[in-house]
Amino acid sequence: RDPTVKKPDWLRQRAPQGEKFARLRESLSELKLNTVCVEAQCPNIGECWNGGGGAGGEGDGIATATIMLLGDTCTRGCRFCAVKTSRNPAPPDPTEPENTARAIASWGVDYIVLTSVDRDDLPDGGSGHFAETVKAMKRFKPDILVECLTSDFRGDLEAVSTLVRSGLDVFAHNIETVMRLQRIVRDPRAGYGQSLSVLKHAKLCKEGMITKSSIMLGLGEKDEEVKEAMADLRAIGVDILTLGQYLQPTPLHLTVKEYVTPEKFSFWKEYGESIGFSYVASGPLVRSSYRAGELFVQNLVR
Ligand code: SF4
Ligand code: SF4
């Protein structure tokens with residue numbers, strides 16, 4: 001981190017508690033499921049797993065968790081991300097879709113976010129593997145809500161269609177930052193236009209498809225640029241937006257330019273909802289899948 005920018009108190013994490021959280025944590029150990037929530041020590045785990053507005057679990061009870069498919073090694077190297085990289089990661093495990101779906105179905109979570117590293121080495125970028133997992137999920141537990149947070153599939157719109165038509169409930173792809181900072185922040189194979197075209201296609205190729213994206217703040221973006229990115233997302237019908245603080249994972253990664261205040265995050269939530277997003281989750285510790293199930297049910301189902 002830039003030594004002149006001091007980490008503020010509002011980024012301190014709270015210890016998770018709550019009844020549903022405790023139940024999910026206990027049953028997880030038998031299932032061999034690697035959740036991003038646990039592996040990445042996500043600060044939101046109490047709120048997400050309880051399906052509650054607070055760590056005490058007083059929410060709607062729609063528990064959310066995130067699972068990583070297709071291994072832990074990415075073919076890209078974005079400058080904000082600490083995931084391992086390699087040109088040739090291990091091939092996908094063909095039993096993963098079925099086994100993962102079976103384990104999640106027996107686990108008791110209500111809304112599952114499936115995500116993955118980028119797999120530019122695979123002909124379809126891994127979209128078939130995602131689609132198989134979604135189908136198996138819906139077979140084993142028809143009432144589970146499934147969100148896929150995917151790569152851009154190198155802009156391959158066929159790959160996007162395969163996944164969108166698999167029966168998922170929400171298609172998510174993150175633009176990560178404003179247009180000007182794309183080259184600095186993301187791997188050169190990613191890009192603003194390519195990400196927008198993926199989100200646009202996802203919206204158009206299935207009627208009623210709900211789409212979602214995310215922007216990290218604190219990378220040096222200006223307010224006008226954030227507004228422009230939000231307008232670009234609304235122009236292609238993106239329904240849900242999340243905004244969170246960028247945190248430097250290691251000293252080798254991009255430095256934090258600014259710690260955006262909680263008040264400013266609230267401003268962005270109001271602003272985003274005023275320009276037509278169904279909801280905006282915005283806060284220093286908000287991540288793409290933050291309370292996703294609870295917020296989805298509150299804002300898009302009722
Ligand atoms: Fe898990 Fe995502 Fe919630 Fe973090 S924000 S606890 S990774 S579902
Ligand atoms: Fe990390 Fe995704 Fe970039 Fe890979 S593509 S380095 S997983 S942010």
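Ligands are counted one by one from 1 in listed order, and the atoms in each one are counted from 1 as well. Keep in mind that the numbers below use all heavy atoms, side chains included, and drop hydrogens, waters and symmetry copies.
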Exercise for review: Using a cut-off of 6.0 Å, state whether more than 12 heavy atoms not belonging to E158 lie near its atom CD.
Suggested key: no
Review point. Should the heavy atoms of other residues, nucleotides or ligands under 6.0 Å from NZ of K200 be counted, would the total exceed 12?
Key: no
Review point. Have R186 and S195 got a donor and an acceptor in their side chains that come within less than 3.5 Å?
Key: yes
Practice item. Say whether Y111 and E147, considering side chains only, have a donor N or O and an acceptor N or O under 3.5 Å apart. Key: yes
What are the atoms of ligand 1, with element, lying closer than 4.0 Å to any heavy atom of [X]?
X	result
C48	3 (Fe), 5 (S), 6 (S), 8 (S)
Y290	5 (S)
I45	6 (S)

Shortest protein contact, [atom] (heavy atom only):
atom	result
atom 8 (S) of ligand 2	F80 CZ, 3.4 Å
atom 1 (Fe) of ligand 2	C81 SG, 2.3 Å
atom 6 (S) of ligand 2	C78 N, 3.3 Å
atom 2 (Fe) of ligand 1	S289 OG, 2.0 Å
atom 4 (Fe) of ligand 1	C42 SG, 2.2 Å

Review point. Measuring to atom 1 (Fe) of ligand 1, does C37 have an N/O/S atom at a distance below 2.8 Å?
Key: yes
Review point. What atoms of ligand 2 come closer than 4.0 angstrom to any heavy atom of C74?
Key: 4 (Fe), 5 (S), 6 (S), 7 (S)
Check your understanding: Which ligand 2 atoms does D118 reach within 4.0 Å, using its non-hydrogen atoms?
Key -> 5 (S)
With a 4.0 Å cut-off on N to O distance, would you call [X] and [Y] a salt bridge?
X	Y	result
D152	R76	yes
R139	E98	yes
K138	D169	yes

**Study point:** Any V113 heavy atom less than 4.0 Å to ligand 1
**Key:** no
Practice item. Fit a plane to each ring of W49 and F21, take the angle between them on a 0 to 90° scale, and name the class: parallel (under 30°), tilted (30 to 60°) or perpendicular (over 60°). Key: tilted
